[in-house]
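See below for the structure under consideration.
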Protein chains: 2
Amino acid sequence: MAGSNITLKQLSSILGVSISTISKALNDSHEISDATKKRIVEMAKLHNYQPNKIAVGLKSGKTNTIAVVIPSVQNSFFARALYGIESLISETNFNIIVCLTKESHAKEVETFNMLSNGVVDGFIVAVCEETQNLQNYDHFTNAMANGKSVVMFDRVIDSVNCGKVTTNDFSALSEATQALIGSDRKHIVLLSTIHKLNVGKLRTQGYIKAMEAAGFSPTILESDDQHAGAVMTEYLNTNSVDAIIALDTDASLAALKAVKTNNKQIPKDVAVIGYVSERMAHNLTPELTTINQHSYTIGNAAASMIVEAIRTKSKDMNQVVISSTLSVRDSS
Amino acid sequence: MAGSNITLKQLSSILGVSISTISKALNDSHEISDATKKRIVEMAKLHNYQPNKIAVGLKSGKTNTIAVVIPSVQNSFFARALYGIESLISETNFNIIVCLTKESHAKEVETFNMLSNGVVDGFIVAVCEETQNLQNYDHFTNAMANGKSVVMFDRVIDSVNCGKVTTNDFSALSEATQALIGSDRKHIVLLSTIHKLNVGKLRTQGYIKAMEAAGFSPTILESDDQHAGAVMTEYLNTNSVDAIIALDTDASLAALKAVKTNNKQIPKDVAVIGYVSERMAHNLTPELTTINQHSYTIGNAAASMIVEAIRTKSKDMNQVVISSTLSVRDSS
DNA sequence: CTGAAAGCGCTTACAG
DNA sequence: CTGAAAGCGCTTACAG
C-alpha cells in the first residue's frame, strides 16, 4: 500500500499465476478451479486490490458513469432533482459526474464535447437558458450520434429525439389559477423571474388560459431575481390585487414580503401561491400554498430512464410526465 | 461521425501517416514539420477528433478529475460551496465528480474506495456526520497512501494530515452573541439542529463562552429539522426571551415563524440572528441579520488548494481559515 | 522529421 | 483448468 494500488501484474508475480487466471478468478469465472480462486481472492483481499476503473473502461468501452448537466444547484428544484438522481444511481453500479452550466451555452457545449468521448456513457441534462434562446442543439445530437444516451428533464427541447421527463407546467398553472378564481379572487397577478425559459412560458400560458376562460384579463409582472420584490411592491401600490402566483422561490419570497410591507393580510386581502420546497413552505409565515413539482421524483425518473437506455441500448426513447400538484396551505 | 468518435488509428489510415506522428502533431510537438502538422490538424478538425480521455488517463496515470464528496446539496451552504468549487475548477483543465454521502459513513467509504484507483486525482470532502461520530478515518488515510490529494472543508478532521479550509465558527458565534449583549439583550437562546456536528459544537461553545463572560446563563435548544419550530414555540410560551441565534437555515426560518406566531415583534421584542443565504435574507420579513459564512469563497479556496496540491504533488498541506462575518439587517 | 515498439491495467477469445 | 496473445486508445522513449 506504499504509494499506489496493487495491480494484476503485481498480484501475478506474488502468486506465481498468470494475469489472465487472476483476472478470471476475481471475476468469478467458471473456468477457474475453486482452489485457485480461493487463493487468489484471499491474496487480493489481503493487498486490498481494487480494479483500475479507467483500464476496465478503456477495455470495455463502457465507463458506468453518467453526466448530470444542470444550470445550477442553488435552486431548490435542481438541488432536489439531483438528490433524486443520485439516490437512484447510487443503487446501481453507475457513478455520476455533475457539471454546472450556469446557463451558459458555451459551457454546456464544452461539457458535452469533453465527456462524449470515453468519459461517460450518457447524459442527464436540463437545457440551459442560453441554449434555449440560441436554438443550437448540435452538441446533443452529436453526443447521440456518438452512441451516448441522453435524457432531458424539466428543461426539454421538443425537436431533439431523446428521453424526456417533464412536468405539466401548463395545466398546473391553469389549475392553480382556477383554484384562486374558484375562491372568488378576481385580480390575480403572475410574478415571474423565469420568463425567458420555456417552462416559464408554459406556466404563463396556463395562467393566461385560465384567466381568459373566466373573463379576467391577465397581468404578468416580469423581473430578474434581484428586483422581483421592488416590481411587486410598485404594482401593489397603484393597483388592486387579491392574489399572486409566483413562479419560483425568489419570486415567492419576494411576493410574501411585498404584500406584508404593503400592510395587506395574507390570505384575507391577498392570496399567494408559490414555488418553494415543502420544507421551506412549512417554515414560512403564513405557511405557503405551493405548486409542488415533485422534483425528487422527476430526478428519479430521469435517472431510471437513462440507466435503462444505457443497459438496453434502445433507441426509441420515451417521454414521462410527472404531474405537479397543488399543496394548499395557509396563504390561499 | 456514425456511431462513435474517430480515433488516431482511423485518422492514421485516412492520412497515410503513423499514429505516433499524428499524436505528436496534435500535441504540437516540435518534432513534427509545420506542413504535416497543418495537414493533420485540419483533418482532425474535419472529423471532429476528440482524444479519448480514458485512454489518456490510463497512459498518464492522471485523470484530471477531482471528486467532491459532500453530505448533501439541499443545504444552501453546500450548494453554494459547490458552486465556488465548480467555478474555480471549470477555469482549469480539471473536471469534478460530485458524490453525495447523505451523512452515511458506509457511502463515504465506498466512494473513496471506488474512486481512489484510477478514477480521480484527488478529493475535496466535507466529512459526514456518521464518520465524525464513528471516528473511523481509514478511507482518508488510504486514499492519501495511494497518492491521492485530499482537502477537507467545513467538516474537518483535525487528526488527518490533509489540506483544510475552515471557518472561525467559535469566534463568529462569540461575536454575534456579544453584539446582542451589546444591544442590551439578556435572554439569548441558541436554537440548533446541528448539535451532532463538530461545527455545531464549535458554534455552541462560542455562544456559551460569550454568555458566561457576560454573566448570563446559556440556553441551548436542540432539535431535528422537523421540530425546530415546535421546540422554539414551546420555549417561548413559558420563558422570557429577547434574542435567538439559529444555527442553520431550517432553524432560522423556524425561529422567525415561532416569534411571529407568539405575537412578538422582531426585533423590538426579540432579535433574531440566523444562518441563511444572502439572497434569502433579503427576501425575508424582516430582513434577517445573518452570520455569513462566505460559502462561495470557502469552496473556491478548497478547489484552489487541491489543484495546487495535485500539480505540485506537495505533501505538506496547509490550512486556511475563511472568517465568517456578521451581516446586520433588520432582525436585530 | 517520421515511424515501429513498448506499455498504461485490464478482459477475452484462443490454445494447450 | 491455466496461460500466451491481442487489443481498448493513447503517449513516448528510441531508431532511422
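Reminder, nothing fancy here: chain letters follow the sequence lines and each chain counts from 1. From a predicted model like this one, the values you see are computed outputs, not experimental measurements.
In this structure, B:Gln10 CD and B:Ile19 CD1 are separated by 10.0 Å, a value rounded to the nearest 0.5 Å. Between atom NZ of residue A:Lys38 and atom CD of residue A:Glu42 there is a gap of 5.0 Å, rounded to the nearest 0.5 Å.
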- Secondary structure of DNA chain D in dot-bracket form (Watson-Crick or G-U wobble, distances below 3.5 Å, | marking inter-strand pairs): |||.||||||||.|||
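Within the 4.0 Å cut-off from OP1 or OP2 of C:dG3, at least one side-chain nitrogen or oxygen of B:Ser18 is found. In terms of phosphate contacts, B:Asn27 brings a side-chain nitrogen or oxygen within less than 4.0 Å of OP1 or OP2 of D:dT11. At the phosphate of C:dC10, neither OP1 nor OP2 sits under 4.0 Å from any side-chain N or O atom of A:Lys53. Taking side-chain N and O atoms only, B:Tyr49 has no distance below 4.0 Å to OP1 or OP2 of D:dG9. Residue B:Thr7 places no side-chain N or O under 4.0 Å from the OP1 or OP2 atom of D:dG9. Between B:Lys9 and D:dC8 there is a side-chain polar atom (N or O) within less than 4.0 angstrom of OP1 or OP2.
At the heavy-atom level, B:Ile54 lies nowhere under 4.0 Å from the strands shown.
D:dG3 atom C1' lies 15 Å from atom CG of A:Leu15, rounded to whole Å. If you take NZ of A:Lys24 and P of D:dT2, they are 10 Å apart, rounded to a whole angstrom. Atom CD1 of A:Ile19 and atom P of C:dT12 are 15 Å apart (whole Å). For the pair A:Asp28 CG and D:dC1 C1', the interatomic distance rounds to 15 Å; values are reported in whole Å. Taking atom CG of A:Asn117 as the reference point, atom P of D:dC8 lies 14 Å away to the nearest angstrom. For the pair B:Leu58 CG and C:dC10 P, the computed distance is 9 Å after rounding to whole Å. A straight line from CG of A:Leu8 to C1' of C:dT11 spans 9 Å, rounded to a whole angstrom. Rounded to an integer number of Å, the gap from B:Lys62 NZ to C:dG9 C1' is 16 Å.
Residues satisfying the salt bridge (Lys or Arg N to Asp or Glu O under 4.0 Å) criterion with B:Asp28, sequence neighbours excluded, are B:Lys37. Shown here are the side-chain hydrogen bond (donor to acceptor under 3.5 Å, both in side chains) partners of B:Glu103, two or more places apart in sequence or in another chain: B:Arg155.
Taking 4.5 Å as the limit, some side-chain heavy atom of B:Lys102 sits within range of a side-chain heavy atom of A:Glu86.
The 5' end of DNA chain C is approached more closely, in terms of each residue's nearest nucleotide, by B:Gly16 than by the other of B:Lys59 and B:Gly16.
Remark: the A:Ser20 side chain and the D:dA4 base include a donor-acceptor N/O pair separated by less than 3.5 Å.
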Side-chain polar contacts of residues 75-85 of chain B - donor-acceptor pairs under 3.5 angstrom, sequence neighbours left out - could you list them?
unit_1, atom_1, unit_2, atom_2, d
B:Asn75, OD1, B:Phe77, N, 2.8
B:Asn75, OD1, B:Phe78, N, 3.2

Can you give each donor-acceptor pair under 3.5 Å made by side-chain atoms of residues 124-131 of chain A, sequence neighbours left out, with the distance rounded to 0.1 Å?
unit_1, atom_1, unit_2, atom_2, d
A:Glu130, OE1, A:His105, N, 2.8
A:Thr131, OG1, A:His105, ND1, 2.8
A:Thr131, OG1, A:Glu108, OE2, 2.9

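Of the residues in residues 31-40 of chain A, those with a non-hydrogen atom less than 4.0 angstrom from any atom of DNA chain D are A:Glu31, A:Ile32, A:Ser33, A:Thr36.
Nucleotides C:dA4 and D:dG7 are separated by 16 Å at their P atoms, to the nearest Å.
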- Should A:Phe153 and A:Val156 be marked as a side chain to side chain contact (heavy atoms under 4.5 Å, CB included) after you check the CA-CA gap, both sets of side-chain angles, and the distance that decides it? CA-CA 6 Å; A:Phe153 77 99; A:Val156 153; 5.7 Å; no
- Query: Would B:Thr101 and B:Ser104 satisfy side chain to side chain donor-acceptor pair (under 3.5 Å), going step by step from the backbone distance to the final call?
  - Reply: CA-CA 5 Å; B:Thr101 58; B:Ser104 153; over 6 Å; no
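For NZ of B:Lys196, the number of neighbouring non-hydrogen atoms (other residues, nucleotides, ligands) closer than 6.0 Å is 12 at most.
Across D:dT11, C:dC10, D:dT2, the shortest atom-to-atom separation from the side chain of A:Val56 is found for C:dC10.
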